[in-house]
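Please read the structure below before turning to the comments.
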Amino acid sequence: MPVSASKDASLDPADWEDFRELAHEAVDDTIDLLRTLRERPAWSRIPDKVVGQLQAPVPWEGSSERIAYEEFRSLIEPYTNGNRHPRFFGWVQGCGIPLASLAEFLASSMNPHMAGFTQSGPIVEAQVLDWMKAFIRYPPDSSGILLSGGTMANITGLAIARVARHPGNYRMEGLQNRDMGRMVFYGSSETHGWAGKAAEWLGLGRASYSTLPVDADYQISLTALRTTIEADRSAGRVPFCVIANAGTINTGAIDPLADLADLCELEGLWLHVDGAYGALAAATTKYGALLKGLDRADSVAFDLHKWFYLPFEIGCLLVRDADRHRQTFAAEGAYIEGHKRGVIEAGLPFAHLGIELTRGFKALKAWMCCKAYGLDRFAAAIQRNVDDIQAIVRVIDSTRELERLAPAPLNVVCFRYKAAGLTDAELNALNEEILYRIQESGVGVPSSTTLNGIVALRLANVNHRATFSDLLVIVEAVVACGAALRAAA
Ligand SMILES: Cc1ncc(COP(=O)(O)O)c(C=O)c1O
């Protein structure tokens with residue numbers, strides 16, 4: 001194919017003043033859009049025509065910076081999944097913060113290599129990690145790293161557990177030692193899908209991941225856990241880790257963290273907490289006690305792109321034993337070691353704390369927002385999200401046409417529209433249709449899940465733009481839509 005015949009090999013703008021004008025325009029357009037989100041549909045389907053336009057031939061020849069921006073504006077920008085809208089309550093997706101968007105521009109313009117080096121970026125990341133430890137009340141001398149998200153933070157935690165609790169030398173032997181039984185870890189049946197993927201990816205295999213039943217509150221059964229550990233040991237297997245949930249994906253259940261910490265201490269197991277969003281509630285005065293025992297976990301994973309509201313991607317792993325963390329990933333290489341002065345004098349600290357070498361400056365958006373708004377304001381927003389869900393729980397519980405399907409201890413509620421005389425299968429179909437109609441109407445975005453075979457509408461509030469009224473709009477839409485569908489049946 002053609003090789004670029006560009007006169008100038010540099011990719012800097014040919015005309016910096018034109019570029020300045022375009023950049024100002026992009027900022028103005030973005031601010032106009034973000035301040036009027038509430039007036040727009042939460043979601044609108046991307047038209048087939050636009051999909052076709054986005055499946056264009058390889059652009060061997062460029063157009064211009066302005067044309068690229070204009071195509072972004074018309075073909076890409078309007079068609080999001082809606083998660084920045086004030087009435088988005090689907091899955092668990094943060095809504096972003098305008099200052100963080102600005103920080104991402106600044107971070108990528110600086111473009112520091114965040115493995116380390118003698119520069120400001122890694123100092124900023126270390127600061128952000130210290131602030132996060134304080135925010136979730138985790139020991140200040142713990143270690144940590146920012147990662148792309150909850151899946152990576154959780155998998156990294158499990159990888160450390162595997163090395164820390166391997167009966168031999170994991171880094172030398174891996175899992176190939178045939179004298180050793182299968183290493184096994186545990187989580188409840190409500191644990192997010194990352195854990196199964198992790199079992200595969202870390203070479204343990206799915207058979208190494210034991211999922212335990214939950215009680216009526218969707219919390220892990222401690223009795224079943226104790227029995228399974230004992231049975232595994234008797235069968236020659238090697239239990240190494242328990243995953244506790246601090247906020248399950250389905251219902252927001254929090255496993256009994258303090259009891260699990262006691263059990264893990266007794267059994268010599270690593271306690272890893274998947275606190276993808278729930279761990280952040282530890283910062284609130286009102287709901288912090290729900291997370292009692294979090295500070296005793298050996299590692300905890302959470303996302304700043306969920307309940308810390310930052311734009312994707314930014315996840316965080318904290319590890320109590322800093323040496324253990326480093327021992328898992330400490331890397332070697334003549335090209336990175338032993339420099340007494342110069343650009344790499346400070347070494348590559350983050351290369352020794354995870355699997356990645358080149359990393360972006362995710363820390364800056366967290367640092368700028370923490371500086372600008374203060375951590376108390378984040379804690380207040382989180383607390384308000386829970387308060388609003390608790391208020392909507394009261395509305396659901398007092399509405400004849402609605403039925404709550406699970407306890408709602410935190411910021412997630414699962415419920416359904418009900419109508420007399422319909423079977424569960426018919427109610428499942430009805431609620432599925434309600435979900436689609438609400439999403440397609442653009443009024444807002446709830447999502448759904450299945451609890452014991454029952455389709456549940458689900459509202460998860462990690463949205464700093466949302467108010468109680470926004471939640472109420474969705475609940476009223478469910479009632480209205482359910483009634484209309486019944487009337488038409
Ligand atoms: C409890 C829980 N764990 C893990 C994850 C995965 O996080 P991520 O999507 O950031 O990889 C999620 C995502 O919603 C989650 O809710």
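Both counts, for ligands and for their atoms, begin at 1 and track the order of listing.
- Of the N and O atoms on the side chains of Thr467 and Asp388, not one donor lies less than 3.5 Å from an acceptor on the other residue.
- Closer than 4.0 angstrom to ligand 1 sit non-hydrogen atoms from Gly149, Gly150, Thr151, Asn154, His192, Trp194, Gly247, Ile249, Asp274, Ala276, Asp303, His305, Lys306.
- Residues passing the side chain to side chain contact (heavy atoms under 4.5 Å, CB included) test with Ala330, sequence neighbours excluded: Arg171, Arg326, His352.
- Remark: Pro47 engages Val50, Tyr79 in a side chain to side chain contact (heavy atoms under 4.5 Å, CB included) (not counting sequence neighbours).
- Under the ring pair (Phe, Tyr, Trp, His ring centres under 6.0 Å) criterion, Tyr287 pairs with no residue, sequence neighbours left out.
- Look at Glu230 and Arg226 and you find no salt bridge, because none of the NZ, NE, NH1 or NH2 atoms lies under 4.0 Å from a carboxylate O.
- Between the side chains of Asn385 and Asn411, no donor-acceptor pair of N or O atoms lies under 3.5 Å.
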